[in-house]
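Okay, so here's the structure we're looking at.
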Amino acid sequence: MLLRLTILPGDGIGAEVTEQAVLVLQAVADVFGHQLELQQKLIGGAALAAANDPLPADTIQACLSSSAVLLGAVGSPAFDHYPRQQRPEAGLLRLRRELGAYANLRPAVCFPSLITSSPLRAELIRGTDIMIVRELLGGLYFGEPRSISGEAGARVAINTMTYDEPSVERIARVAFDLGMKRRRRVLSVDKANVLECSRLWREVVTRCSKDYPVVQLSHMYVDSAAMSLVQHPRDFDVVLTENMFGDILSDQAGGVVGSLGLLASASIGGKVWLYEPVHGSAPDIAGKGIANPLGAILSAAMLLRHSFQLENEAACIENAVNETLNQGFRTADLARGTDKTVSTSAMGHQVVETVKKAALKERLA
Ligand code: NAD
């Protein structure tokens, strides 16, 4: 199969982890006989520095003409003082909108060999397997009006949370469809005791659930869900929620399973689907060669599964990650106590080698 991808390394550790994910994709393509056709483009701070635009037109065009997009991360303190539309993050929000990527799937799985990397006790975390389904094009991040206005000392800031019924319904259906393939439980997270958006959300989600009678739907307020996520992470299956709640809860889920650096995501539903690790550009560790590339590598696995239906290839990457962790390889974020740590590239290299070994074993079998 011809795999035509646009690669957007972005900023900070985005470039470091994407490089490893591409090496893994290349290894899988070689092993399974696929052809990778890659074009690399700028986004975020890198694009601002080169073209004064966090999402240049040729980046959008390249993404729209590909079969899938793999992104690292955007964001840099160098642009923190820029106006909102001129910040790296604005490029990513625009890209999601341009692609029409309204459903963000964020799995958070506890790898057995990483049980001690979690700050939670082993008996709480063992077996945790959560799929967060985050609405990606609505809510506070996109709502209008938005502004900061007024005289210094008396300024007023406004953001608007908006949801309409069709956008709640389409994301709810993604969650229920996933629920059907998993443990048939969907938890919808809102703040219906305070917010009108959440009341509409709950009503529409409940209505949709009638079409999925075998899926058990429950509702929880976001504050309570945040607490339960650290108390009983194993009880969560599919978590359906709006944009900002999903942003926050998925980082929390990363902490619960051991590190944000492990989490992958797929942003689906639009013209071309977008895959990226959940973490940001991590300026505090950028350039040191210590970032965990596994979130980006597992995003590449999601890309193969969701955009190309290459289930065996996706599983091959996931098994190689699992095996690499079982062998004791740890980047600094995963290391505990006297664990020896490896660099970003050493971790990526080990996954590549494991992919190749698994293929060889299969051929010999
Ligand atoms: P962050 O995710 O970049 O980092 C949070 C913490 O997790 C940091 O201590 C970092 O070192 C650590 N971390 C993150 N990824 C890691 C990895 N792969 N390996 C090891 N450790 C890792 O979040 P932040 O610090 O709040 O934001 C930094 C910048 O990234 C900001 O400009 C922010 O706007 C941007 N950001 C971008 C995205 C994105 O591109 N999707 C997401 C979140 C934040």
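Just follow the structure's listing: the first ligand is 1, and inside any ligand the first atom is 1. As the structure is a computational prediction, the values presented were derived from the model and not from experiment.
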4.0 Å protein heavy-atom contact status of atom 19 (N) of ligand 1, strictly under: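 Under the 4.0 Å cut-off, atom 19 (N) of ligand 1 does have protein heavy-atom neighbours.
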
Protein contact for atom 25 (O) of ligand 1 (heavy atom, distance under 4.0 Å):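 Neighbour list for atom 25 (O) of ligand 1 is empty of protein heavy atoms (cut-off 4.0 Å).
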
hydrophobic_cluster_shared for V69 and I7, side chain cutoff 4.5 Å: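 Each belongs to a different hydrophobic cluster.
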
Quiz item: cation-pi between R97 and F142, 6.0 Å / 45°: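 Judged by the rule, R97 and F142 form no cation-pi pair.
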
Interfacing atoms of ligand 1 (cut-off 4.0 Å, heavy-atom, [X]):
| X | answer |
| --- | --- |
| I13 | 15 (N), 16 (C), 17 (C), 18 (N) |
| G75 | 32 (O) |
| A73 | 40 (O) |
| A291 | 19 (N) |
| E276 | 41 (N) |

Name the closest protein heavy atom to [atom], giving the residue it belongs to and the distance to 0.1 Å.
| atom | answer |
| --- | --- |
| atom 40 (O) of ligand 1 | V74 N, 2.9 Å |
| atom 21 (N) of ligand 1 | I285 CD1, 3.6 Å |
| atom 27 (O) of ligand 1 | P283 CD, 4.8 Å |
| atom 7 (O) of ligand 1 | L260 CD2, 4.0 Å |
| atom 39 (C) of ligand 1 | L92 CD2, 3.7 Å |
| atom 3 (O) of ligand 1 | A282 N, 2.8 Å |
| atom 9 (O) of ligand 1 | D284 OD2, 2.9 Å |
| atom 29 (C) of ligand 1 | S281 OG, 3.3 Å |

For [Y], is there an ion pair with [X] - N to carboxylate O distance below 4.0 angstrom?
| X | Y | value |
| --- | --- | --- |
| D80 | R87 | yes |
| E276 | R106 | no |
| D211 | R173 | yes |
| R170 | D164 | no |
| R234 | D129 | no |

Short side-chain to backbone donor-acceptor contact, T241 and V189, under 3.5 Å: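 Looks like yes, one N/O pair under 3.5 Å.
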
Short side-chain to backbone donor-acceptor contact, N243 and G139, under 3.5 Å: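 Answer holds: no.
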
Plane angle bin for W273 and H306 - parallel if under 30°, tilted between 30 and 60°, otherwise perpendicular: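 H306 and W273: tilted rings.
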
Aromatic plane relationship, H34 with F32 - under 30° parallel, 30 to 60° tilted, over 60° perpendicular: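 It falls in the parallel class, under 30°.
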
Part of E89 with heavy atoms under 4.0 Å of ligand 1, whether side chain, backbone, both or neither: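 The part of E89 near ligand 1 is the side chain, not the backbone.
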
Geometric N/O contact G280 with ligand 1, under 3.5 angstrom: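 Min N/O separation from ligand 1 is below 3.5 Å for G280.
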
Short N or O distance, N292 and ligand 1, threshold 3.5 Å exclusive: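 Yes; the residue has a nitrogen or oxygen that sits under 3.5 Å from a nitrogen or oxygen of the ligand.
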
